[in-house]
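Start at 1 and go down the list; that is how both ligands and their atoms are numbered.
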Amino acid sequence: MAVLLGVLLSLALAFLPGALLPSALRAPPQAPPITVRVLMPSPFVDATAPLVAAFNHEHRDLRIEVARGPLDTEAMSDLAIGSLLLGSTPYDLLLMDVSWTARYVAAGWLTPLEDLLGDDALDAMVPGARLGNGFGGHLWRMPLTGDTGLLYWRTDLMDQPPRTTEELERIARRLQQEGKVRWGYVWQGRQYEGLSCVMLEAIHAFGGRWWQPGEGRAGGHTELDGAGAVRAAAWLDSLVRTGVSPAAVANFAENEALQLFAAGDAAFLRNWPYAWREIEKGGGPVVGKVGVSPVISAPGERSGGTLGTWGLSLLKGSAHPQQAAEVIRWFTGPETQKALVLDQGYAPTWAALYDDPDLQRRHPLLDVQRQALEQGPLVRPLTPLYAQLSDLLQRQVNGMLTDPRPAATAMATAQGQSEVLLASAAGEAP
Ligand code: GLC
């Protein structure tokens with residue numbers, strides 16, 4: 001009887017106009033959801049689209065709206081800065097390249113995260129992934145990926161990857177002479193940020209360094225005319241001159257190098273972790289024949305390559321910092337990362353994911369990625385002037401490849417120009 005009454009009552013309520021309902025039975029008016037706006041480079045927009053759609057489906061009070069930025073890190077940063085300079089950016093969150101942090105912090109564009117996410121926010125991450133997120137004692141960025149430069153090689157053409165630059169060159173040349181591959185080694189030589197990442201690894205492979213941290217406004221000085229840096233530039237140049245690398249590397253960004261390797265035309269490729277999934281998905285002739293190892297980035301050793309992580313930062317002026325922090329937690333959290341590892345091949349940042357049996361089984365690159373992150377990946381100069389320094393280096397190295405000039409001249413010029421830049425920023429006469 002009670003059940004029957006209940007059914008009759010709910011039927012009656014369903015047909016009663018809302019206004020006639022007793023107020024206690026009326027559903028409370030729904031507050032509109034708060035929207036957190038995130039600006040990201042286009043590949044990340046595509047990679048995260050299904051996850052964001054699922055998030056929006058599950059949350060009634062919070063929506064994520066993703067804005068599509070360009071592909072390259074420089075174009076992406078230019079877009080973000082353009083909007084930040086206007087004073088009131090429409091975005092709450094920005095997916096930032098690790099190389100931007102110091103500049104954005106110095107310009108006062110970010111809100112520190114430790115109060116929102118806790119002082120221990122990075123503690124459970126692999127050591128390499130914790131680098132480049134803090135600056136001046138604050139946490140500015142939560143990494144979504146733990147990428148480092150990696151060396152891709154052909155398992156059908158060699159038993160193991162080389163340990164030294166000489167060995168790499170020797171194997172490449174032999175395979176070319178035997179007609180097994182057209183090209184030995186492909187990398188990013190275009191005048192853009194990717195070339196700075198390649199150069200950083202090469203400089204360390206020859207025992208040099210780009211940046212020596214120190215005091216002062218610029219936070220250090222450059223050592224581009226040092227013996228290691230000059231030998232690194234001379235090595236890249238000789239790869240092109242002797243035909244181990246095609247002259248076209250001077251126009252190669254990540255994708256051009258990847259496509260050539262994926263087509264079976266090169267013995268070695270330098271790229272980021274996502275390249276492996278990309279090659280596998282492509283279904284080309286090298287599928288199942290690709291080995292991956294840390295790059296050669298120390299004399300006689302494969303080691304951590306350039307650190308290339310992307311992470312979320314909270315922009316100053318966001319009207320919803322608490323909700324934005326919730327979105328950061330979700331985006332960078334282990335569950336989202338796991339999905340991105342499986343789908344995109346990104347390297348995770350959380351230490352526990354490297355021991356996840358499911359990931360271990362389904363993502364063969366996991367151990368190499370952990371190794372690269374644990375072996376002290378190379379951090380690009382941590383200075384607000386990084387973008388300009390990088391531009392000076394890229395110009396000289398790319399110029400050396402396209403318009404022949406001795407490596408020593410190119411590097412002396414890059415060093416001289418860097419010194420002028422650093423001195424003028426510090427307010428000193430060069
Ligand atoms: C990748 C890296 C990034 C780097 C860029 C260079 O996106 O993650 O750190 O600056 O490549 O092209």
So which protein heavy atom does [atom] come closest to, and at what separation?
atom	result
atom 8 (O) of ligand 1	G308 O, 2.3 Å
atom 10 (O) of ligand 1	D97 OD2, 2.5 Å
atom 7 (O) of ligand 1	W310 NE1, 3.1 Å

Query raised in the report: Sub-3.5 Å donor-acceptor pair from the side chain of Q337 to the main-chain atoms of L144, do we have one?
Result: yes
Query raised in the report: Where on E254 is there a heavy atom closer than 4.0 Å to ligand 1, on the side chain, on the backbone, on both, or on neither?
Result: side chain
Query raised in the report: ligand 1 versus R380, non-hydrogen atoms closer than 4.0 Å: side chain, backbone, both, neither?
Result: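 Within the 4.0 Å criterion, R380 contacts ligand 1 through side-chain atoms alone.
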In ligand 1, which numbered atoms sit nearer than 4.0 Å to a non-hydrogen atom of [X]?
X	result
E193	6 (C), 10 (O)
G194	6 (C), 12 (O)
T73	10 (O)

Are [X] and [Y] close enough that some pair of their side-chain heavy atoms sits under 4.5 Å apart?
X	Y	answer
Q176	V181	yes
E419	H221	no
R37	H320	no

Query - S99 N/O under 3.5 Å from ligand 1 N/O - result: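 The answer is no, given that S99 and ligand 1 share no N or O pair closer than 3.5 Å.
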Requested in this report: Rounded to the nearest 0.5 Å, what's the gap from CD on E256 to CG on L260? Could you check?
Outcome: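 One finds 10.0 Å between CD of E256 and CG of L260.
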Query raised in the report: Does the side chain of D367 pick up a donor-acceptor pair with the side chain of Q360 at under 3.5 Å?
Result: yes
**Report entry** Under-4.0 Å salt bridge between R174 and E178
**Finding:**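 A salt bridge links R174 with E178.
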